[in-house]
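Numbered from 1 within each chain, the chains take letters A, B, ... in sequence-line order.
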Amino acid sequence: MIATAADIVRKAIENCKRATTIKTEDLPDIIIEKPKRDEFGDFATNVAMLLAGKEGKPPRQIAEAIAKEIRQIENIKKVEVAGHGFINIFMDDEYWLSLLKEVHNLKEKYGTSDAGSGKKVQVEFVSANPTGPLHIGHGRGAAVGDSLANILKAAGYKVVKEYYVNDAGRQVYILGESVRKRMEELQGKDVEFSDDYYKGEYVKEIAKDFLAERSSAGKAQSTSTVQDFACEAMLERIKKDLQDFGVEFDNWFSEKTLEDEGLVNNAIEELRKNGYIYEDEGAVWFRTTQLGDDKDRVLIKADNEKTYFASDIAYHKKKAESGFSTIVNIWGADHHGYEARVRAALKAFGYDDNILKIIFIQLVALLRNGVQVPMGKREGEFVTLRQVIDEVGKDACRFFFLMRKSDAQLEFDLELAKKQAPENPVFYVQYAHARICSIIKHAKENGISLPTTEGVDIKLLSLKEELDIIKKLASFPDIVKGSAIAMEPHRITFYLQELAGLFHPYYNKNRVVADDKSLTNARLYLCEAVKRVMQNGLKFLGVSAPEEM
RNA sequence: GCGCCCGUAGCUCAGCUGGAUAGAGCGACGGACUUCGAAUCCGAAGGUCGCAGGUUCGAAUCCUGCCGGGCGCGCCA
């Protein structure tokens, strides 16, 4: 492995300690940043300023001492002390070129790390009720959850993707009844629909399917038979939508099993034992206010039905027991009022609620020709994920969902997403990849074979644009790591746009395949690396890297 | 009323766990194809980081208050 900037600084400080120019024992975390301005070096660190207090010396003096040690380390071109005590480090070209080789050596592994050191993480996402098709909000959650899982895996975590199926309770009951009504209607009866019934087309379709598949078995169908059928049919549609969106789950966890296995009752009993349960007005309450919630919550209603929250505490108890170092819930932002009570539950069971990380997904506003598409949930007016995938394609859809950080509202411009032009970010990024493929193809057609690491003189990559691209490539592993730790997939999206934004101008100004054989080789070598990183990054996002478009 | 999120260029947004002179893209304007994909590129323009305080060597970033927008506050799921 090639030394990172942090390694270099750490080594220099160790040397200072040996020389007793620095005496502090517990060193602060070494933060390396990439300065915005080239003149501040390739890397900069503020350790000297952080050490100044402990050492009782002016920061610049400490910085000078550290800088002197850094200068002794290989691959350093220049070290400067600047400002209040920044240490600006300039690496030599050889360093960057050796990082370029890393891309070729590691191939699809380039960008991965062991930052997570094999820790187990569960990511639960989508988890839409099987009472209707996935809408666009679920789609955003799906894109974020799936990409996050990819990124966490790349950063060395063991990831389990889970979908919590709300197949119990009132909503599925209503779904079953809605289907039953439609069946009666199909059989020629006059039916009335109460307001809370589901009225979408899919209900009619399921009713039709049921009649086709089951009616011969006997006419009297129990409520639960219809309900199970409807629920399963809905789940199949959801799975199909997700599959076409490139999302697969490791686990489909059924809410019903919690009740069937007595886990809900167990959870309530444990809370009772721990003194968090009381009864009032015929209902059973969980005293969540003792654990940071702003009101107590009902677990069992006066009519003896359990609330949704009752299964939810059992579910989170089970999650906590499963040995994950982190459990991630991806929720729609409208559920944020739920956070406090779920955390209260974890605490009541004796867990540190810091194991739970909740990512809230903000609304998606669909735009068509600059005008927002109305999205009332009533009367089937909402836009489904399926519709958007069909219109703009999976790739554009996923990319757009990942263009903003999750907790910011997202404008999704349908026309832009379809456009085959540079102002469309997905296109711009994919095109860079396709373009490189095309260059390589062109080279091959001219009898030039792809250079190997041994057979290339990368010193020929001496243009500023070339070094800038290499530096960008070199930062990819850190981007992935940061994206994983912060759980922010959108960083990859931005990174890829920036990389494409370096490559296109470079291409326009410089020929890759030209008369100079050695230079052609070196540039092809660079192109290959860009292509590789594009592929790796796009893969995290679940977006394809087309060879041609 | 209480809680969470957001407020950065005309628009859409970045800004990595507090760093140096706040960045992109788009739009608008003006340019570039006999050569690897012009499906691209080049150029200049654009700012009181909502407002006011505070913390410190240093704040878009952290704290407090206010303003504006979204969402949530059920014995619903």
Q. Taking atom P in both C5(B) and U64(B), what distance in whole Å separates the two?
A. 11 Å
Q | P-based separation of C57(B) from G18(B) [nearest Å] | A | 16 Å
Q.
Whether the Tyr278(A) and Asp296(A) side chains hold a donor-acceptor pair (N or O, under 3.5 Å, no angle test) is what I'd like checked.
A. yes
Q) Does G72(B) have a Watson-Crick or wobble partner in any strand here, with both distances under 3.5 angstrom, and which is it? A) C2(B)
Q | Arg404(A) side chain, from C-beta outward: closest of G19(B), A14(B), C75(B) | A | A14(B)
Q: Would you kindly give the CG-to-C1' distance between Asn424(A) and G27(B), to the nearest whole Å?
A: 15 Å
(Q) Under a 3.5 Å threshold, yes or no: a donor from one side chain and an acceptor from the other, between Gln171(A) and Tyr198(A)? (A) yes
**Q.** Between Tyr164(A) and Tyr315(A), ring centroids under 6.0 Å
**A.** yes
Q | Distance, P atom - from A22(B) to A9(B), rounded to whole angstrom | A | 14 Å
Q) Between G19(B), U21(B), G70(B), which one does the side chain of Glu39(A) approach most closely? A) U21(B)
Q.
On the nucleotide C16(B), are OP1 or OP2 found under 4.0 Å from the side-chain N or O atoms that Lys405(A) carries?
A. no
Q.
For a quick check of understanding: with a heavy-atom distance under 4.0 Å over all strands, which category does Ala514(A) fall into, base, sugar-phosphate or nothing?
A. nothing
Q) Is any side-chain N or O of Asn88(A) under 3.5 Å from a base N or O of A20(B), one able to act as donor and the other as acceptor? A) yes
Q.
Taking 5.5 Å and 30° as the limits, would you call Phe86(A) and the base of A20(B) a stacked pair?
A. yes
Q.
For G19(B), does the base pair up with any side-chain atom of Asn46(A) as donor and acceptor (N or O, under 3.5 Å, distance only)?
A. yes
Q. Quick one: which of A38(B), C57(B), C5(B) gets closest to the side chain of Met49(A)?
A. C57(B)
**Q.** Pairwise P distance for A20(B) and G1(B), with rounding to whole Å
**A.** 38 Å
Q. Where the side chain of Lys295(A) is defined as all heavy atoms beyond and including C-beta, which of A14(B), C36(B), G74(B) is the nearest nucleotide?
A. G74(B)
Q) Taking a pair as Watson-Crick or G-U wobble with both distances under 3.5 Å, which nucleotide is matched to G65(B)? A) C51(B)
Q: Choose from G27(B), C13(B), C36(B) the nucleotide whose nearest atom is closest to any side-chain atom of Val513(A).
A: C36(B)
Q. Asn508(A) has a side chain; which of A38(B), C36(B), C41(B) sits nearest to it?
A. C41(B)
**Q.** Among C36(B), C75(B), A20(B), the one nearest Ala44(A) by side-chain distance
**A.** A20(B)
Q | Nucleotide paired to A20(B) in any strand shown, Watson-Crick or G-U, under 3.5 Å | A | none
Q) Would a 4.5 Å heavy-atom cut-off, applied to side chains only, mark Asn265(A) and Lys306(A) as touching? A) yes
Q: Indicate whether the side chain of His335(A) and that of Asn329(A) have a donor and an acceptor atom separated by less than 3.5 Å.
A: no
Q.
Using the C1' atom as the point on both nucleotides, what is the distance between U56(B) and C76(B), in whole Å?
A. 49 Å
Q: Decide, applying a 5.5 Å centre-distance limit and a 30° plane-angle limit (both strict), whether Phe494(A) stacks on A24(B).
A: no
Q: Counting heavy atoms from C-beta on, name the nucleotide in A14(B), C36(B), C75(B) closest to the side chain of Ala408(A).
A: A14(B)
Q: Could you tell me which nucleotide pairs with A44(B) by Watson-Crick or G-U wobble geometry, both distances under 3.5 Å, or answer none if nothing does?
A: none
Q | Partner nucleotide, any strand, of C36(B) [Watson-Crick/G-U, under 3.5 Å] | A | none
Q: Using the C1' atoms only, state how far C49(B) lies from U8(B), rounded to an integer number of Å.
A: 4 Å
**Q.** Test item: Val480(A) and Thr112(A) side chains (from C-beta on) under 4.5 Å apart, heavy atoms
**A.** no
Q) In terms of side-chain heavy atoms of Glu411(A), which of A38(B), C6(B), C13(B) is nearest? A) C13(B)
Q: Quickly work out the Glu339(A) CD to G72(B) P distance and round it to whole Å.
A: 16 Å
Q.
Could you check whether the side chain of His336(A) and the base of C71(B) have a donor-acceptor pair of N or O atoms closer than 3.5 Å, going by distance alone?
A. yes
Q.
Counting only side-chain heavy atoms from C-beta out, which of C5(B), G27(B), G15(B) sits nearest to Glu423(A)?
A. G27(B)
Q.
Could you tell me if Arg491(A) sits above the aromatic ring of Tyr495(A), with its cationic atom closer than 6.0 Å to the ring centre and no more than 45 degrees from the axis?
A. no
Q.
By the 4.0 Å heavy-atom rule, please label His490(A) as base, sugar-phosphate, or nothing.
A. sugar-phosphate
Q: For G46(B) versus G3(B), give the span between their P atoms, rounded off to a whole number of Å.
A: 42 Å
